[in-house]
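Reviewing the structure listed below.
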Amino acid sequence: MTDLFQGPVKRSMMIAGHATSISLEPVFWDALRAAAEAERLPVNALVARIDADRIQAPHPPNLGSAIRLWLFDQAKEATGENAPEGPPNETG
């Protein structure tokens, strides 16, 4: 399980015609590559799509955070989980 706890790795890529650097932990780089392969896209094309969605948000996170959140959302969809809308209701 030691491989899970590795620090971020910085990679450079072209997004929408601009060079940018993105720092992600190796597990997220692996998941991003797998997601890009599943969608038959180059990694930078998938990142560009995530970036385009990110800048539409009312309070956009940085690109690295947006990628992690997108990957988390994809994993939830794959398992059929829904995010809670708010705090759980307590009955009793």
Side-chain angles (χ1 to χ4, degrees):
M1 195 169 218
T2 344
D3 291 346
L4 180 65
F5 299 109
Q6 292 181 2
V9 174
K10 186 178 277 193
R11 301 227 167 97
S12 298
M13 61 179 62
M14 295 291 286
I15 304 298
H18 297 92
T20 190
S21 293
I22 302 168
S23 293
L24 296 173
E25 294 75 10
V27 67
F28 289 109
W29 281 117
D30 292 344
L32 186 61
R33 269 191 295 278
E37 286 177 16
E39 296 198 25
R40 296 182 179 175
L41 292 172
V43 171
N44 65 326
L46 179 56
V47 170
R49 192 173 78 198
I50 295 167
D51 187 43
D53 290 344
R54 170 188 78 93
I55 60 176
Q56 300 294 322
H59 303 285
N62 68 51
L63 184 54
S65 293
I67 292 168
R68 288 182 196 90
L69 292 167
W70 185 88
L71 289 166
F72 179 75
D73 190 57
Q74 294 301 300
K76 282 191 327 185
E77 284 184 21
T79 61
E81 292 182 33
N82 292 322
E85 294 296 321
N89 293 330
E90 291 185 25
T91 57

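Positions are given from 1, in the same order as the sequence printed here.
Under a 3.5 Å cut-off, the side chain of R49 and the backbone N or O of A45 do not form any donor-acceptor pair. At distances below 3.5 Å, not a single donor-acceptor pair connects side-chain atoms of R33 with backbone N or O atoms of V43.
Summarising the geometry, atom CZ belonging to R68 is positioned 7.0 Å from atom CG belonging to N62; distances are rounded to the nearest 0.5 Å. The distance from the CD atom of E37 to the CG atom of L32 is 10.5 Å, given to the nearest 0.5 Å. From D51, atom CG reaches atom CD of Q56 across 10.0 Å, with rounding to the nearest 0.5 Å. The line from CG of L46 to CD1 of I67 is 8.0 Å long, rounded to the nearest 0.5 Å.
Note on L63: it clusters hydrophobically with V27, by side-chain heavy-atom contacts below 4.5 Å among ILVMFWY residues. There is no path of hydrophobic side-chain contacts, each under 4.5 Å, that joins I55 to I50.
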Atom pairs and distances, side-chain donor-acceptor, residues 9-24, under 3.5 Å, sequence neighbours left out:
unit_1	atom_1	unit_2	atom_2	d
S12	OG	S21	OG	3.3
H18	ND1	A16	O	3.0

Pair D73-W70, side chain to side chain contact (heavy atoms under 4.5 Å, CB included): steps then yes or no: CA-CA 5 Å; D73 190 57; W70 185 88; 5.7 Å; no
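Considering every non-hydrogen atom in both P26 and Q6, the closest pair reads CG-OE1, 3.1 Å. For the pair R54 and A66, the tightest heavy-atom approach, listed with the atom from each and the gap, is CD-CB, 3.4 Å.
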